[in-house]
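Reading through the C-alpha cells given below for one structure.
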Amino acid sequence: MIDYAIPAFYATAQMLILTGLGFFLRRTDVWPRVFFTQLSLLVVRVGLPAYFIASLSRTALENVVAAWPMAIAGVVVFVTGVGIALLVFRRMPFSMKDQSAGIALGGIGNGAYIPLSVAEIVPMTVPIVATRFGTTEPILLIGVFLIGFSPLLWSVGNMIVTSQRGPFKLTRLLSPPVIGILIGVSVPVLRIQSIVFDPTLPFHHVHAAVSRVGSVTMPLILIILGAFIADLRIGRERGREFYLMAGAVSAIRFIVFPALFYALYFLVLEPIGAPPAVRWVLFLQTHIPPATSLSVLASQAGINEEHTAFTLLVTNVLYLVVLPLYLILFLSLPGL
C-alpha cells in the first residue's frame, strides 16, 4: 500500500493544481465569465469529440465489441442513482422544487469530465494503475459508458432538476461527445484503421491534427471546472437548507455509491472474473461528485440555482479530499 499511497495523493494534487488555477484565474477576474463559458462550449463541442475520435479510433475491434455492455452499465448507474436519491429526498423536509434538485444532484454523477481526467492523470503518477488497467481501454470503456449515460443526463436529468416537463428533443440523445464516441468506434468497426493510419494518405495527417486538439482537453476540463466553482453565486438566506442538501448529496455520492460498488465488486465482479479495466472504470463512475452540467440546466431554467451551486461547490471540494483515500482502498482490493 505504501508503494502507491503517496503517488495517489500526488495524482490528486495535480488535479487540485489545475482546478485551483481555473479558480484563481476566475476569482481574480483575469478573464471574464464569458471567456470560460465559451471555452467550455469549445471543449464540449470540439475538444471532447476530438479526444474520443483520436483515442477510440485506435482501439482493436475485439475491444470495441467487448465494451458494449458498458453502455448498459451507464443506464443502470443512472437509474440506480436517481432511484436512491428519490428515496432519500422524498423523506427530507424540502419543498417539491428543492427535492427535485436534490434528486438530480444525488443521483446523477459527473460521468464524463471527472472519470476521464482521473483516467488520464492517475496512471502517469501511479504507475501501478497503468500496469494493471492499461491506458487506452479505460478511455474506451468510459466512452461506451457515456453512450448509455449521457443521453439520460441531458433529457431525464434536465426534467428532474428543472421540475419541468417539455417536448422530447432527439438532439439531447446525440450530444457532441457522444457523436465523437460513435465516430471513434466506427473506425475499428468498419475495419478502416489501415486507411486512416496509413502515413501515405491524407487521413493519417487529419487524424494527427484531431489528436492534437484532443490532447489539450483534459487539463482544460479541470481549469474550466475550477473557474466554474469560482463563479458560483450562493445566497445566505437559507444556509441551513443549503448545508442539509449538500450533506445529503455528499452522503449519496461518497458513501452510498461507493458501498454499492464494493458490494458489486465482491458479489459480482470478482466471482465472474471481470477484466481489471472494467473494475477500474466502474470504480471511477461510482466515486464522483454530481454532474456540473446540472448547474447549467438549472441556470437556463432559472430554477434551483442556489441549491445546485452550493452543493456542487461542496461536493467537488470534498471529492478532491476523499479521492486519494478511495484510490488507495481500491488498489488494495483482492483480484487486482
Side-chain angles (χ1 to χ4, degrees), residues 11-23 25-26 31 34-59 67 70 74 109-125 129-130 133-147 149-150 153-154 174-187 196 205-231 280-281 284-285 288-289 291-293 295-296 316 319-320 323:
T12 306
Q14 293 181 47
M15 298 178 63
L16 181 61
I17 290 170
L18 289 170
T19 306
L21 175 61
F23 185 92
L25 292 175
R26 182 66 196 105
W31 283 293
V34 67
F35 170 82
F36 290 101
T37 300
Q38 295 300 317
L39 185 61
S40 178
L41 289 174
L42 179 66
V43 166
V44 171
R45 296 177 180 177
V46 178
L48 273 178
Y51 174 83
F52 281 122
I53 291 171
S55 299
L56 303 185
S57 58
R58 296 183 178 277
T59 306
M70 289 300 292
N110 194 336
Y113 280 13
I114 298 297
L116 286 171
S117 298
V118 177
E120 282 278 351
I121 291 175
V122 171
M124 293 188 295
T125 310
V129 172
F133 314 123
T135 55
T136 58
E137 188 178 358
I139 303 303
L140 169 66
L141 295 174
I142 293 172
V144 177
F145 181 95
L146 292 175
I147 291 176
F149 184 88
S150 181
L153 164 63
W154 292 102
L174 291 175
S175 62
V178 170
I179 294 173
I181 293 166
L182 295 175
I183 293 174
V185 299
S186 70
V187 173
V196 172
H205 304 284
V206 172
H207 185 277
V210 171
S211 180
R212 287 188 175 89
V213 172
S215 65
V216 301
T217 298
M218 289 307 111
L220 282 180
I221 282 175
L222 292 174
I223 291 172
I224 292 168
L225 178 61
F228 166 80
I229 293 173
D231 219 25
W280 171 232
V281 170
L284 295 177
Q285 293 291 356
I288 48 177
T292 52
S293 53
S295 180
V296 177
N316 276 278
Y319 175 73
L320 293 174
L323 174 61

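Just so we're clear, the structure is a prediction, and the values are computed from it rather than from any experiment. Computed over heavy atoms, backbone and side chain alike; hydrogens, waters and symmetry mates excluded.
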- With sequence neighbours left out, write down each residue that passes side-chain contact (heavy atoms from CB on, under 4.5 Å) with A67, or none if nothing qualifies.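 Applying side-chain contact (heavy atoms from CB on, under 4.5 Å) to A67 gives L140, L141, V144.
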- Query: Who passes side-chain contact (heavy atoms from CB on, under 4.5 Å) against A209, sequence neighbours left out?
  - Reply: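 side-chain contact (heavy atoms from CB on, under 4.5 Å) list for A209, sorted by chain: empty.
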- Report the C-alpha distance between L56 and V187 in whole Å, list the side-chain angles of each, state the deciding distance to 0.1 Å, and finish with yes or no for side chain to side chain contact (heavy atoms under 4.5 Å, CB included). CA-CA 8 Å; L56 303 185; V187 173; over 6 Å; no
- Query: side chain to side chain contact (heavy atoms under 4.5 Å, CB included) between V210 and H207: does it pass, once the steps are laid out?
  - Reply: CA-CA 5 Å; V210 171; H207 185 277; 5.5 Å; no
For the backbone of [Y] and the side chain of [X], can you confirm whether one donor and one acceptor N or O come within less than 3.5 Å of each other?
X: S117; Y: Y113; value: yes
X: S186; Y: I183; value: yes
X: S215; Y: R212; value: yes

Side chains of residues 42-53: which donor-acceptor pairs under 3.5 Å do they make with residues two or more places apart or in other chains?
from, atom 1, to, atom 2, distance (Å)
Y51, OH, E120, OE2, 2.5

Of the non-hydrogen atoms in [X] and [Y], which two are nearest, and what is the gap between them?
X: A54; Y: S211; answer: CB-CA, 3.6 Å
X: V118; Y: Y319; answer: CG2-OH, 3.5 Å
X: L284; Y: A119; answer: CD1-CB, 4.1 Å
X: I142; Y: G111; answer: CG2-O, 4.2 Å
X: L146; Y: V178; answer: O-CG2, 4.2 Å
X: T135; Y: P138; answer: C-CD, 3.9 Å

To the nearest 0.5 Å, what is the distance between [atom1] ([X]) and [atom2] ([Y])?
X: I114; Y: L320; atom1: CD1; atom2: CG; value: 7.5 Å
X: I223; Y: L18; atom1: CD1; atom2: CG; value: 5.5 Å
X: I224; Y: L39; atom1: CD1; atom2: CG; value: 4.0 Å
X: L41; Y: T37; atom1: CG; atom2: OG1; value: 7.0 Å
X: F23; Y: N316; atom1: CZ; atom2: CG; value: 12.0 Å

So do the side chains of [X] and [Y] get within less than 4.5 Å of each other, counting heavy atoms only?
X: L222; Y: I17; result: no
X: T136; Y: T59; result: no
X: M218; Y: I121; result: no

- Parallel under 30°, tilted from 30 to 60°, perpendicular over 60°: which one fits the rings of F36 and W31?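 Geometry flag for W31 against F36: perpendicular rings.
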